[in-house]
Amino acid sequence: MSFDRSIKIAPSILSADFANFGAEIEAIEAQGADWVHIDVMDGHFVPNLTFGAMAVKAFRKHVKTVMDVHLMIAPVDPFIDAYAEAGADILTAHIEAGPHIHRTLQAIRGAGMKAGVALNPGTPASAIAHLLDLTDLVCVMTVNPGFGGQKFIDMTAKVRELRAMIGDRPVHIEIDGGVDPVTAPLVAQAGADVLVAGSAVFKGGSVQTPEVYGDNIRAVRAAANGVYA
Ligand code: DX5
Ligand code: ZN
């Protein structure tokens, strides 16, 4: 994976048809998705349950771009090898999931994946001050994790602060939650480069009508890039 800070759209399959993930992944990639965002939830760290490493391994066969795995689980460390084996390109752990995030990020990189750290809305940017050289991606939650379709919580000040802290390190700033054509410009202007969008991409479309996915992806991308027009 080469690094650049161009805007990337990472649809979250949390909003996809849970009975048809393979076809849904192929549809969003054919319609312009840059990455595929996979929301793993354990029903403990967040009040919802999705799927685990076995399912992610099955998704891998359908992902041609980047499999961006967001772990909303605690603890994380016992499962890192399982997600490496499942084929995750990026594995993101929540800083709030346990006391040893520094070791977790070392272990993720040690298992051969890019390491991401996610910050819930209540966690300050300063929390990652000593992690910047262990991290390939900072995921700024703009909803409280657990569900798709929630209202965007404005974290643009945190994004600006992170952008300054990161400097010219090859570290992505990913925004996760409530991203749509209205909120995308706000976070792009603040310095984000990867935009997760679940409901904004999947709304109104289906595997039978994938062009709607394409329209939705283009709408978010254009809104974000419009900042630089
Ligand atoms: C929430 C997940 C997000 C969510 C985004 O816990 O981490 O990735 O699926 O969904 P939308 O874009 O609908 O807010
Ligand atoms: Zn997510």
Side-chain angles (χ1 to χ4, degrees), residues 7-18 21 24-25 28 31-52 55-56 59 63 65-74 76 79 83 88-97 108 113-123 136-155 159 172-188 192-205 212-213 215-221 223-224:
I7 292 291
K8 292 160 197 66
I9 308 299
S12 160
I13 64 168
L14 186 68
S15 298
D17 174 358
F18 264 57
F21 281 124
E24 291 272 48
I25 288 168
I28 55 174
Q31 292 294 331
D34 297 298
W35 295 3
V36 178
H37 187 80
I38 310 277
D39 283 315
V40 176
M41 299 182 184
D42 65 0
H44 163 65
F45 180 70
V46 290
N48 200 357
L49 179 66
T50 55
F51 32 66
V56 173
F59 302 158
V63 177
T65 58
V66 172
M67 191 152 81
D68 171 34
V69 178
H70 177 194
L71 295 181
M72 287 159 278
I73 72 173
V76 170
F79 302 97
Y83 285 98
D89 294 299
I90 303 168
L91 193 65
T92 296
H94 268 263
I95 198 165
E96 305 89 359
I108 291 172
M113 298 172 282
K114 296 286 187 190
V117 56
L119 305 179
N120 282 332
T123 303
D136 301 296
L137 176 143
V138 181
C139 174
V140 178
M141 295 305 298
T142 40
V143 293
N144 285 299
F147 302 92
Q150 298 184 88
K151 189 173 177 321
F152 178 82
I153 301 169
D154 188 349
M155 290 281 129
V159 175
H172 293 292
I173 298 180
E174 181 176 72
I175 306 296
D176 194 7
V179 172
D180 63 20
V182 171
T183 57
L186 305 178
V187 290
D193 58 296
V194 183
L195 306 180
V196 174
S199 45
V201 167
F202 285 95
K203 77 176 184 322
V212 175
Y213 295 160
D215 293 343
N216 291 341
I217 289 170
R218 276 187 293 278
V220 175
R221 191 191 306 282

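This one's a predicted model, so the numbers in the text were calculated from it and none came from an experiment. When a ligand or atom number is given, it counts from 1 through the structure's own listing order.
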With distance as the sole test, does [X] use its side chain to make a donor-acceptor pair with the main-chain N or O of [Y] at under 3.5 Å?
X	Y	result
Thr123	Glu96	no
Asn216	Lys203	yes
Asp89	Met67	yes

Less than 2.8 Å from the Zn ion (ligand 2) is the window; count the protein N, O or S atoms in it. 4
Would you mind reporting whether Ile90 and Glu174 have side-chain heavy atoms less than 4.5 Å apart?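 Glu174 vs Ile90: side chains apart.
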Atom of [X], atom of [Y] and distance for their closest heavy-atom approach:
X	Y	answer
Trp35	Thr65	CA-OG1, 3.8 Å
Val159	Ala192	CG1-N, 3.8 Å
Ile173	Asp193	N-OD1, 2.8 Å

Residues which pass side-chain hydrogen bond (donor to acceptor under 3.5 Å, both in side chains) with Asp42, listed by chain and number, not counting sequence neighbours: none
Give the residues near ligand 1 by chain and number, with the criterion being a heavy-atom distance under 4.0 Å. Ser12, Leu14, His37, Asp39, Met41, His70, Met72, Met141, Pro145, Gly146, Phe147, Gly148, Gly149, Asp176, Gly177, Gly178, Val196, Ala197, Gly198, Ser199
Holding to side-chain contact (heavy atoms from CB on, under 4.5 Å), I want the full list of residues that pass it with Asp176, two or more places apart in sequence or in another chain.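 Scan of Asp176 (side-chain contact (heavy atoms from CB on, under 4.5 Å), adjacent residues dropped) gives His37, Asp39, His70, Cys139, Met141, Val196.
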